[in-house]
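Data first, discussion second: the structure below is written as structure tokens.
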Amino acid sequence: MHAAAIVAAAGSGSRLGADRPKALVPLAGRPLVAWAVEGLLAGGVAEVVVTVPAAERAAFAAALPGTIRLVDGGPTRTASVRAGLAALTGPGRTAPDVVLVHDAARPLTPPEAVARVLAALAAGAQAVVPVLPVVDTTVVVDDDGVVTAAVPRAPLRRVQTPQGFDRATLVAAYAALDDAAELTDDAAVVRSAGIPVGTVPGDERAAKITVPHDLALAGLQLADLQVAR
Ligand code: CTP
Ligand code: MG
């Protein structure tokens, strides 16, 4: 099974508010995107394409090994992944059997989490996402912020990346999706095409860096690892 990964790294990181695109923000001296790519390769992915902000190609090339291909992303994550998918095929390329789509914003995703997604695909899943339980009480509020209902949380899950797909299935689902559609993840794209999406256990260490506090936590996670060694 030939596995490729697309790393979505073309966002600006407006909520993080750093002086550069989020994927280039350093964590223990290395850009987030470099951590994310390393985790994918260590987990068993053979080939990685990174979607980058067009104006930042040089900075991304400097941050990553020369074997990693860069493609220009788009104005939305959906558009960026589309561009990454297109780059996986073409003259002289062997199309991968399966594709993992990952956020550069999840730098410390452990290789084991990547390997679980690949194992589910190898076992025949067309689409699979890593998930974690919801531990907080979860409620619905009205426009005034007043609680109107409690949501039973037992069947709820938080969805992470990398999300894994049979490549042909993902390509067909993106082709069927309206050009202007903007979905927050790739499982939503294949579900919109009627494909069932399976789950494997996610990992808290694969948390997404969205706001400055998340970056601080990732730094602590690394410090913790150093102490353990
Ligand atoms: N992403 C992308 N192309 C876009 C927007 C987002 O490739 N046009 C990527 C981001 O680089 C990130 C991942 O999708 O790795 C998840 O998105 P998010 O965490 O929302 O990152 P940003 O969009 O960069 O952050 P913000 O929404 O705070 O601006
Ligand atoms: Mg965003």
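Side chains included, hydrogens not; waters and symmetry mates left out as well; all remaining heavy atoms used. Start at 1 and go down the list; that is how both ligands and their atoms are numbered. Computed from a predicted structure; not experimentally measured.
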Practice item. Would you confirm whether any non-hydrogen atom of the protein falls under 4.0 Å from atom 3 (N) of ligand 1? Key: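 So atom 3 (N) of ligand 1 has protein heavy-atom neighbours under 4.0 Å.
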
Exercise for review: Run through I68, L70, L88 and flag the one making a side chain to side chain contact (heavy atoms under 4.5 Å, CB included) with V49.
Suggested key: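 Single pass found, and it is L88.
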
**Study point:** Identity of the nearest option to atom 24 (O) of ligand 1, non-hydrogen atoms only, from S80, S14, G13, G17
**Key:**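 Minimum heavy-atom distance to atom 24 (O) of ligand 1 goes to G13.
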
Practice item. Ignoring hydrogens, just give me the one of D185, T78, D103 whose non-hydrogen atom is nearest atom 13 (C) of ligand 1. Key: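 Among D185, T78, D103, the closest heavy atom to atom 13 (C) of ligand 1 belongs to D103.
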
Just heavy atoms, cut-off under 4.0 Å: does [X] contact ligand 1 by side chain, backbone, both, or neither?
{"X": "T51", "answer": "side chain"}
{"X": "R15", "answer": "both"}
{"X": "P75", "answer": "backbone"}

Point to revise | NZ/NE/NH1/NH2 to OD/OE distance under 4.0 Å, E182 and R77 | key: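 Looking at R77 together with E182, the answer is no, because their closest N to O distance does not fall below 4.0 Å.
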
Check your understanding: Hey, mind stepping through R30 and E38 against salt bridge (Lys or Arg N to Asp or Glu O under 4.0 Å) and telling me if it holds?
Key -> CA-CA 11 Å; R30 295 177 68 212; E38 188 179 87; 3.2 Å; yes

Exercise for review: Could you tell me the separation between the OG1 atom of T109 and the CG atom of L40, rounded to the nearest 0.5 Å?
Suggested key: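 It comes to 7.5 Å.
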
Practice item. Would you check the N or O atoms of I209, main chain and side chain alike, for any that come under 3.5 Å of an N or O of ligand 1? Key: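 Looking only at distances, the answer is no, because the N/O contact criterion of under 3.5 Å is not met.
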
Review point. Does any donor atom in the side chain of H2 or E47 lie under 3.5 Å from an acceptor atom in the other side chain?
Key: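 Yes - a donor-acceptor pair under 3.5 Å links their side chains.
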
Would [X] count as a contact of ligand 1 if the rule is a heavy atom under 4.0 Å away?
{"X": "T210", "result": "no"}
{"X": "S12", "result": "yes"}
{"X": "G73", "result": "no"}

Check your understanding: Nearest to atom 19 (O) of ligand 1, what protein heavy atom do you find, and at what distance?
Key ->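 The protein heavy atom lying closest is K208 NZ, 2.7 Å.
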
Check your understanding: Which heavy atom of the protein is the closest neighbour of atom 6 (C) of ligand 1, given with residue, atom name and distance?
Key ->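 Protein heavy atom at minimum distance: G11 CA, 3.6 Å.
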
Review point. Do L24 and E56 come within less than 4.5 Å of each other through their side chains, counting heavy atoms only?
Key: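 L24 reaches E56 side chain to side chain.
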
Check your understanding: Is there side-chain contact between Y174 and T78, with at least one heavy-atom pair below 4.5 Å?
Key ->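 Result yes, sub-4.5 Å side-chain heavy-atom pair found.
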
Check your understanding: In this structure, are over 12 heavy atoms from other groups packed under 6.0 Å from R69 atom CZ?
Key ->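 Yes, because the 6.0 Å sphere around CZ of R69 holds more than 12 heavy atoms from other groups.
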
